[in-house]
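Okay, structure first, notes after.
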There are 2 protein chains.
Amino acid sequence: MQRVAGKRFTGERDKQAVEILRNAKLRVTSCRTSLLDLLLHAKDPLTQKELMEALEEQGFNRVTIYRALQTFLDSTIVHRIVTEDRTWRFAITHCGHRGHCHPHFTCRRCGRVRCLDGVAIPAVDLEGHRIESQAMYLWGLCPACLQEAELAL
Amino acid sequence: MQRVAGKRFTGERDKQAVEILRNAKLRVTSCRTSLLDLLLHAKDPLTQKELMEALEEQGFNRVTIYRALQTFLDSTIVHRIVTEDRTWRFAITHCGHRGHCHPHFTCRRCGRVRCLDGVAIPAVDLEGHRIESQAMYLWGLCPACLQEAELAL
DNA sequence: GGCCCAAGCGCAACCGGGTTGCATGAGGGA
DNA sequence: TCCCTCATGCAACCCGGTTGCGCTTGGGCC
């Protein structure tokens, strides 16, 4: 379709994005592939705002993006975390397990949020309760910011 | 002042609320004491909505409540947690330590959120990062709902 | 390759809670 | 009791999430 030069492609869509959509039995549309591309190539979870801005620039409507994200959540293609700033952040779900299977780290200096895929959340046992899932959030300095902070001394 | 019978008291204000305000060097006003009363007598963290509704019923303005909560946060009289529903919940800070020193439990059946004051958050050590604070959220069934769920079987 | 229809999209408008500016009123030290 | 500062209340704004509806399009079927 390629509405505007350099904006919407169909030819060079990321194979991986298309495959994810096919596996989830979802229609392959340009908005969805662009959204998945963004998420697949992001190192860290992206805020709804960041996604909106990037895709609106490409000519997509914010309602469409919003609905695509809802769809992805329903299919557990992505997971969503809420941080202290009350904004949602989205990331591709890598583990088969749905949702909160790993801690999330927020750097107070650069503000980036990182999925700590390799780290297990220590189990807590709570008298009388049935614990079904756990989430853990960490704050501090990421390696890059820590190094810069030390250099500044 | 006692504007309307049964609404705003000055005479019978909770001593504890007044003491908290005095200690924080904040002015003692009817809105603030009512708000603190509510929080002091709540077993669990209350949502901003719950607080607003209770206090608007008493004739206070939502902006005032909003600003009082901001003030309390600044003075660390209360702490605030964000749950998956992206709503804030407020609770009196009991530990001297500011903020997230204990896990929070959300019951998926009754929806209540509970501060687990007595439970420590297991420390996570993260290669290359400096961890400054941690938070943990648990979901499942609280003792009451667990019992009811078992009875229903 | 073309047809058709359910699903996806875009627009416009709504909604509700957080936030701000400003004029008025109240707390509390002098 | 007075007065200054801070708290309050009102109105309005802002912004992101959400919905309804008519148009468009992906993709299965012929």
Side-chain angles (χ1 to χ4, degrees), chain A residues 1-4 7-11 13 17-19 21-36 46-75 77 80 82-90, chain B residues 1-4 7-11 13 17-19 21-36 46-75 77 80 82-90:
Chain A
M1 41 177 293
Q2 193 151 16
R3 290 196 182 171
V4 185
K7 295 279 175 93
R8 299 191 178 188
F9 308 89
T10 44
R13 275 178 190 165
V18 175
E19 196 189 327
L21 289 170
R22 290 262 154 77
N23 286 342
K25 303 209 192 319
L26 294 173
R27 281 200 183 167
V28 178
T29 69
S30 59
C31 178
R32 290 179 178 177
T33 48
S34 297
L35 185 50
L36 278 180
L46 297 173
T47 61
Q48 182 142 355
K49 194 186 171 77
E50 286 167 336
L51 292 169
M52 293 282 181
E53 282 172 0
L55 291 174
E56 283 189 326
E57 203 167 282
Q58 291 177 36
F60 297 106
N61 186 278
R62 80 190 178 100
V63 178
T64 307
I65 305 162
Y66 163 73
R67 285 195 269 231
L69 285 170
Q70 297 305 313
T71 307
F72 292 171
L73 284 175
D74 290 344
S75 322
I77 291 176
R80 182 170 73 177
V82 181
T83 48
E84 285 309 279
D85 54 7
R86 266 182 74 259
T87 58
W88 279 322
R89 286 165 197 267
F90 296 84
Chain B
M1 41 181 291
Q2 192 149 17
R3 290 197 182 169
V4 184
K7 295 280 174 94
R8 298 191 179 188
F9 308 90
T10 43
R13 275 178 190 165
V18 175
E19 196 190 327
L21 289 170
R22 289 263 155 76
N23 286 342
K25 303 213 190 320
L26 294 174
R27 282 197 182 168
V28 178
T29 69
S30 58
C31 178
R32 289 179 177 177
T33 50
S34 298
L35 184 51
L36 278 180
L46 297 172
T47 61
Q48 184 141 353
K49 192 185 171 80
E50 287 168 335
L51 292 168
M52 292 283 181
E53 281 172 1
L55 290 173
E56 283 190 325
E57 203 167 283
Q58 291 174 38
F60 296 105
N61 185 280
R62 82 190 176 102
V63 178
T64 307
I65 305 163
Y66 163 73
R67 284 196 270 232
L69 285 170
Q70 297 305 313
T71 309
F72 292 171
L73 283 176
D74 290 344
S75 321
I77 292 175
R80 184 170 71 176
V82 180
T83 48
E84 286 308 278
D85 54 7
R86 263 182 76 257
T87 59
W88 279 323
R89 288 167 197 265
F90 296 84

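Residue numbers start from 1 in every chain, and the chains themselves are labelled A, B, ... in the order their sequence lines are given, proteins ahead of strands. Keep in mind that this is a model prediction, so the values were computed, not measured.
Residues B/Val63 and B/Ala68 each lie close to DNA chain D; by heavy-atom proximity, the contact nearer the 5' end of the strand is made by B/Ala68. Where B/Arg62 and B/Arg86 meet DNA chain D, the nucleotide closest to each residue was compared, and B/Arg62 sits on the side nearer the 5' end.
When the C1' atom of C/dG8 is taken as reference, atom CG of A/Leu35 falls 14 Å away, rounded to whole Å. Put simply, CD on A/Gln70 is 13 Å from C1' on D/dG16, counting in whole angstrom units. Atom CD1 of B/Ile65 and atom P of C/dG16 are 18 Å apart (whole Å). Nucleotide D/dA7 holds its P atom 14 Å from the CG atom of B/Leu36, rounded to whole Å. Atom P of nucleotide D/dC15 and atom CG of A/Asp85 are separated by 17 Å, given to the nearest angstrom. Taking atom CH2 on A/Trp88 and atom P on D/dC15, their separation rounds to 19 Å, with Å as the unit. A straight line from CG of A/Leu21 to C1' of C/dG8 spans 12 Å, rounded to a whole angstrom. Whole-Å rounding puts the A/Lys25 NZ to D/dG27 C1' distance at 14 Å.
At least one side-chain nitrogen or oxygen of B/Gln48 sits closer than 4.0 Å to the OP1 or OP2 atom of C/dG18. For D/dG16, the OP1/OP2 oxygens have no side-chain nitrogen or oxygen of A/Tyr66 closer than 4.0 Å. Note on B/Thr29: a side-chain N or O is less than 4.0 Å away from OP1 or OP2 of D/dT8. Proximity of B/Asn61 to the phosphate of D/dC10: a side-chain N or O atom is located under 4.0 Å from OP1 or OP2.
Atom CG in B/Leu35 sits 9.0 Å away from atom CZ in B/Phe60 (nearest 0.5 Å). Separation of atoms OG1 (B/Thr33) and CZ (B/Arg27) is listed at 14.5 Å; rounding is to 0.5 Å. In this structure, the separation between NZ on B/Lys49 and CZ on B/Arg62 is 11.0 Å, given to the nearest 0.5 Å. Rounded to the nearest 0.5 angstrom, A/Leu69 CG and A/Gln48 CD are separated by 5.5 Å.
For B/Arg27, whose side chain is taken as the heavy atoms from C-beta onward, the closest listed nucleotide among C/dG18, D/dG17, D/dA7 is D/dA7. If you check D/dG20, D/dT18, D/dT8 against the side chain of A/Arg67, the one that comes closest is D/dG20. Minimum atom distance to the side chain of A/Thr64 is reached by C/dC9, of the listed C/dG18, D/dT8, C/dC9. Minimum atom distance to the side chain of B/Arg32 is reached by D/dT8, of the listed C/dC11, D/dG27, D/dT8. Comparing C/dG28, C/dG18, C/dG10 by their nearest atom to the side chain of B/Arg22 picks out C/dG28.
A distance-only check finds no donor-acceptor pair linking the side chain of B/Arg80 to the backbone of B/Phe90 [under 3.5 Å].
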